[in-house]
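Here the structure is a predicted model, which is why all the values come from computation and not from measurement. In what follows, chains carry the letters A, B, and so on, assigned in the order in which the sequence lines appear, proteins first and then strands, with residues in each chain numbered from 1. Any value given below was found using the heavy atoms of this structure, including those in side chains, with hydrogens, waters and symmetry copies removed.
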Amino acid sequence: MQSKATAAPRPPSALPKVQLQNYVVYIFFAVVLLFFSVTIGDKGFLSVMNLFNIARTTAMITVIAVAMTFVISAGELDLSVGSTAALAALTCGLVMQAGFGWPVAVLAALVAGLAVGCLNGFFVTLIGIPSFLVTLGMMQFIRGLDMRVTYTNPVSISNQSFNSLFGSGNLFGVPSLLIWSLVIAVLGHVVLKYTGFGREILATGGNRMAAEYSGVKTRRVKFAAFLLSGAAAALAGMLYSGMMQTARFNFGEGAELMAIAAVILGGTSLFGGRGTILGTFAGSLLIGTINNGLIIMGLDVSEQMMVSGGIIILAVAFGKKPTA
Amino acid sequence: MQSKATAAPRPPSALPKVQLQNYVVYIFFAVVLLFFSVTIGDKGFLSVMNLFNIARTTAMITVIAVAMTFVISAGELDLSVGSTAALAALTCGLVMQAGFGWPVAVLAALVAGLAVGCLNGFFVTLIGIPSFLVTLGMMQFIRGLDMRVTYTNPVSISNQSFNSLFGSGNLFGVPSLLIWSLVIAVLGHVVLKYTGFGREILATGGNRMAAEYSGVKTRRVKFAAFLLSGAAAALAGMLYSGMMQTARFNFGEGAELMAIAAVILGGTSLFGGRGTILGTFAGSLLIGTINNGLIIMGLDVSEQMMVSGGIIILAVAFGKKPTA
Amino acid sequence: DIEHPLWYTAPSAKTMELAKKDDLSNTVVSDGQRGEPGFPAANLALTDEQIAKVKAGEFTVAISMGWLGDDWASQQLIGLKESFEAMGIKVVAETNANWDDAKQIADLDAISVLKPDLLVSIPLNGKTTASAYKKISDAGTKVVFIDQAVEGMDPGKDYASIISSDNLALGMYLADALAEATGGKGDVAAMYYANDFYVTNLRYEGFIARVEAKYPDMHVVVAAGHNDPNKGQEVAQGLLARYPTLSGVYASWSIPAMGAVTAATVAGRTPADFKIVNENFDQIVALNMAQNGFIAGISSQRPYDQGVAEAKVGALALLGEQTPPYVVVPPLKVVRSNLAESYKTIYRVDLPAEMAEALAN
Amino acid sequence: MTRPTILEMTDIRKSFGNIAVLKRVAFSLRKGEVHALMGGNGAGKSTLMKILTGVYSRDGGSVLIDGQPVEVHDTAAAERAGVAMIFQEFSLVPTLTVAQNIFLKREPRFAGTPFINGAEMKRQARLILEELGVDIDPDAPVSGLSVGYMQIVEIAKALSKKARILVMDEPTSSLSEAETEALFELVNRLKASGISIVYISHRMAEILKLCDRVTVMRDGETVMTADCADLSVAQIVEAMLGAGNATSFEWKDRQVPATAKPVVQVRNLRLDKRIDDVSFDIKAGEIVGLAGLMGSGRTEIAETIFGRRRAVSGEVLFDGVPVANQADAIARGIALVPEDRRKFGLVLDHSVRDNIILPNLERFTRHLFVQDAVALQTVRDTIRDLAIKTDGPDKLSRLLSGGNQQKIVIGKWLARDPRLLILDEPTIGVDIGAKSEIVETVRAMADRGMAVLVISSELEELMAISDRILVLHGGRIAQDMNRRDVATEEELHHAIQGHSRPQAALGAA
Ligand SMILES: Nc1ncnc2c1ncn2[C@@H]1O[C@H](COP(=O)(O)OP(=O)(O)OP(=O)(O)O)[C@@H](O)[C@H]1O
Ligand SMILES: Nc1ncnc2c1ncn2[C@@H]1O[C@H](COP(=O)(O)OP(=O)(O)OP(=O)(O)O)[C@@H](O)[C@H]1O
Ligand SMILES: [Mg+2]
Ligand SMILES: [Mg+2]
């Protein structure tokens, strides 16, 4: 992590490279796709079904990562997303079990997600606690709550409209999970890149005080980022549960790290001020594709971990040349 | 996460508060100790054995967190420590199983830890990849390697000198694990606070450019921090394995987050430039004490998670007043 | 010629011999870790006099679990707690190591402070946590192990008993259920928990042994691991993409099994041509089975009974009675036709309305 | 009287990307001289000196010290060669204390041990700071200091290195008169002891007073080197800006529309520590200068009007209504150009364009979306009006020269068209040509009714722009003078020092 305020002077010749680096994740994604197509294309990797599979399994991480891009661009972190996803999934499931229709359940889940976002935002922006700690504590707290509420039992969801809308359904032959992640990614891209709010997020993360002096209400902006993140986590939770037709307290464990990895892989700076949703989307797909391809290749778990760990490092090293 | 470069101008009256905040972790540690002493002191919480238990179970996290304080103060992160600890433990175990004495095994484990630190340092400082990604990838890679090498089977360690030196032994009635963590914490404190290297770490994390202008070789400094972290992780791994008289591939899972939490809780800035080993030590003990006390109180797991999550947030909120 | 898990060892001759038996209902397939023959849990009993003595003793117990979050853990806890309550034994601590050996040691250390009279616990690993158990046992706490013992502790001396499912049989029932559902023909896959874990290793071994011994026309063409049950879907997807003609899969626990259900659904497979069997009888898979879903067979443990057996053994140990070193709870093969009855057996209540309704259709 | 040449830089070339910043520059320095290096913003002065100190590597040319070719690849090598530099953009570590910064990499140790002797370090730091005539606590963290104090720490740090060649890149840009005087004393002493000094500044008056020779750069080339004795300010300015572009930088009487109603009324303002009881008004169309010693609390007054600070007592009325907070201030048309451009003025990692758009986001937002095309026009106008030297609107602002960065900060606020504009040290590091432009622009805006409060430590500038000058002293407004009534800079200087004790005659010791 190299602070933005202190980047070492780059040699001038590195300038065009910097441009290339912005596209590293796309290039690498293409390379990985190509590699798998050649090696295991005939083993089902290239089937439409499998490509849809990749999109489907990455949907949850994508949705979380899109909102995480806002949080990180604003100079914060949200580690509570995984347990919030589980909370929302459980809320949704329990509300439906109680006999309410799915719209009510969806609303309730969103409220749960927003409530977590609200708490995070409160502690970070109004009390001034580092977000790493707040959201780490929140992650534990919510996970405990998830366990408590359900006595760790899974909650089954049998509402088929819900399951098909949020999970395993299709729309015109396209998996609804893919549609969700596309919609969220496009929305996120437009908001971050073309709206005043997006600019304020980036300015806040780039230099909070300068943004303040320019009239940006940085507290509100950060608060809003946490709300977004909470809502996205809730949506991700519903997608999980719709897909599994079940909600369970341990959904989304480790999703926070995966999402952050997708964000950083996509080219967003962990120190804030620079963010790209398209990169995040590609980063998430890249991770999903690697996981899927390695399974189809028949690698065992230990090999999968070694290869995918190696690829994450190399994907970025690839487009870099040693800085002077 | 508020960038250091942009701290709000503090009204002078806030100055004494700032001082107080530096001690929050100690105060809170005292409060927690007091609370448990009053409520469950008679249930064995206050017994010497139990206090030693706390010190013993936190030793590994403490050792990792001390080195992590250097890494974070230098403006980086190391997520690979957990899997590196496992790697070192396995190396150590396998070398002893192969018939070598424990000094050789310890040496081999340290070499393994340093090798990982070296790789991390290489990718971060020479290739310029964000440390979050490098060490996340490394964490996966090493964990895969750990699985592969041992086929996920545990490796027993029957060398009693090793086990007593690194794990379950005592020295003058004091658990060796406690001695290890004290030695490492004191060493870390002295190095960070009173040596040129410590100053260079803080300068590098505080403003890399300024440090460079002052003749600090920030690359080398960061590299050294990763080496330290690798070596500390190796030591932690040996402590794990000495305590359990076994090495296993899944040692140290989640240790990275715990260690980072201890560091931040202690008052070190996640943005670098400000670090305190004593705070880290207190942070690690605080976490360990909470976990221990809640179990003795008889809370069930979900309650334990909720309370400890809540405490982490409140511990910091406690000493803060809303920032202007 | 498939690639087995890293920890895999081929079944013993004795296992292969038993795998050939048609009816396993009266056989205990697994031996204890030291080769002890299994003692059927049903044969455990306390006299009224013994119960009164336990009640008078005002004993305390700590429960240290390796994980929570499935019906196996929660039913077992219910069995334990109900039985303890009935016998006036007080639960003073309950911990969850969440699959982390080091956390389990910390948990045990904290428990040791409370000096409970009894500890019931499932060791996550027989080696890593050994010294922590030994310390508790040396301090005078009676220890009852769930599923496996740790190294360096001897039955009757350092611990009372191990109470376990018959895990090899559990794996064999899975093979039976899958063969029954697929007609004993075609290509099938096995999903396994990739980490070395005593009981799941045995089930996998039992499954493979049974298929080899009894179902020559059913081919296990691939075995794929996961180290996180939530990843079951991803793994199943990969299997279905690569082997589109699979007729069934052994999908380990219920969460990976439900992942396989989702994967099969999106792959366009139907319950008619693709069968899933698994080894946790929980609400979710039961409902799917009732609804004529992909779940065709469950090789169920009896967690509640196991909990009760553990409590009984614990009570006997507290009284200083000698207990059998290896107590076995037999598995139960659940298919749609015996679902209602099995549910009642395992959960002690009638089938929930939703399932009953689905079953009626 | 020609002294031996100690440093000879010839044919120095440097490009960033495909932009040539230095084109065969020559520069030479004699032993024991003070050599001014002049040039417009972005001329390449800092770049040239950074090549000398090993921050940048040159693309071509040679550097000779004492006649020997030297290769400085990093700052450590420069230090070994006896070269030290006071950097224009401060090279301090904000999280470390003053003393820790001064001695970074050169901490005194306990004899024979690797351990730092903190007490000794503080003692030495205090000594150096005393020599500079300021009272700064060596234990204070640098992040809490105002820009002026940071600059002094920066100077102290360079001085403590005891170099043979000392490069000062705009050392006085944030200093007020007294500290500047103290620094000059010191420079003369250093010079007398044989140290050679390169002095970069945009303050014309200083140059002729202090320096022996001048080298002027324009667009990456050396255009003139001459003895100071032979030169006038006008000649230097002409060399810098090119013939015919020389602008005057002096006050012209304005037809102030005598509106009766004050826009801002500051009433008995009391702030923590430094401000006791301050009252003044600013009327629409009026430009009011605020003068005072360093640390007298001018910035704090500005921030209070802007709603960033709470008054202990007293109030600030805007249009007769108190300012509730910063949001309220901004909403009602108050703008503040902060003195610390790196901390408060710019998002350094964002482009020139994004920085200029930021305070004007609302203006360019239609139906949630930012109209980038519309905004770009404003950005281009600002770049043109203030002659910001940049490859284009998309260049990262961190890559601009110091003066050009400052111009962005001013430009982005001017684009807001505020009703009250507070300028806190607005022209730090800005070259003389642009300074005049800025003064003209501010005046034109005042003519249209904007109220302006200018804080500046550069009296020349204050004299050139203000209609009225307030002198802050001892926490009060000591004097309220009409510009018309102030004849010379000395007069103002005395007013600022006015009631101060003789210790203010810094550096005389
Ligand atoms: N790292 C860099 N990358 C790209 N361009 C740069 C870089 N550093 C400086 N420049 C450009 O080089 C030119 C000269 O900059 P330099 O800082 O030397 O100017 P200067 O003479 O010191 O100006 P000022 O008086 O404003 O400080 C400027 O146009 C600037 O934008
Ligand atoms: N001696 C000091 N120690 C610590 N902080 C200081 C000191 N002097 C000033 N500051 C801080 O610097 C900022 C600006 O100070 P001040 O209001 O005194 O500005 P000023 O009068 O404009 O002086 P300057 O010319 O140095 O800018 C404030 O945030 C103030 O808290
Ligand atoms: Mg410059
Ligand atoms: Mg000021």
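- Neither the backbone nor the side chain of A/Asp146 comes within less than 4.5 Å of any heavy atom of chain B.
- Looking at B/Leu136, the atoms closer than 4.5 Å to chain A (heavy atoms on both sides) all sit in the side chain, from C-beta outward.
- With chain A as the partner, the residue from B/Leu133, B/Ile312, B/Val134 showing the most heavy-atom pairs under 4.5 Å is B/Leu133.
- Contact of A/Ile264 with chain B is made through backbone and side chain together, with heavy-atom distances under 4.5 Å.
- Heavy-atom minimum distance, B/Thr152 versus B/Arg248: O-NE, 4.1 Å.
- Open room surrounds CZ on A/Arg220; 12 or fewer heavy atoms of other groups in view lie less than 6.0 Å from it.
- With chain B as the partner, the residue from A/Arg143, A/Arg148, A/Glu212, A/Met147 showing the most heavy-atom pairs under 4.5 Å is A/Arg148.
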Return all side-chain donor-acceptor pairs below 3.5 angstrom for residues 304-311 of chain A, not counting sequence neighbours, or 'none' if the list is empty.
from	atom 1	to	atom 2	distance (Å)
A/Gln304	NE2	A/Leu299	O	2.9
A/Ser308	OG	A/Gln304	O	3.2
A/Ser308	OG	B/Gln140	OE1	2.7

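- Qualifying salt bridge (charged side-chain N to carboxylate O under 4.0 Å, His left out) partners for B/Glu253, counting only residues two or more places apart in sequence or in other chains: none.
- Contact between A/Ala112 and A/Leu87 at its shortest, heavy atoms only, is CB-CD2, 4.2 Å.
- B/Ile260 touches chain A through backbone and side chain together, each having a heavy atom under 4.5 Å away.
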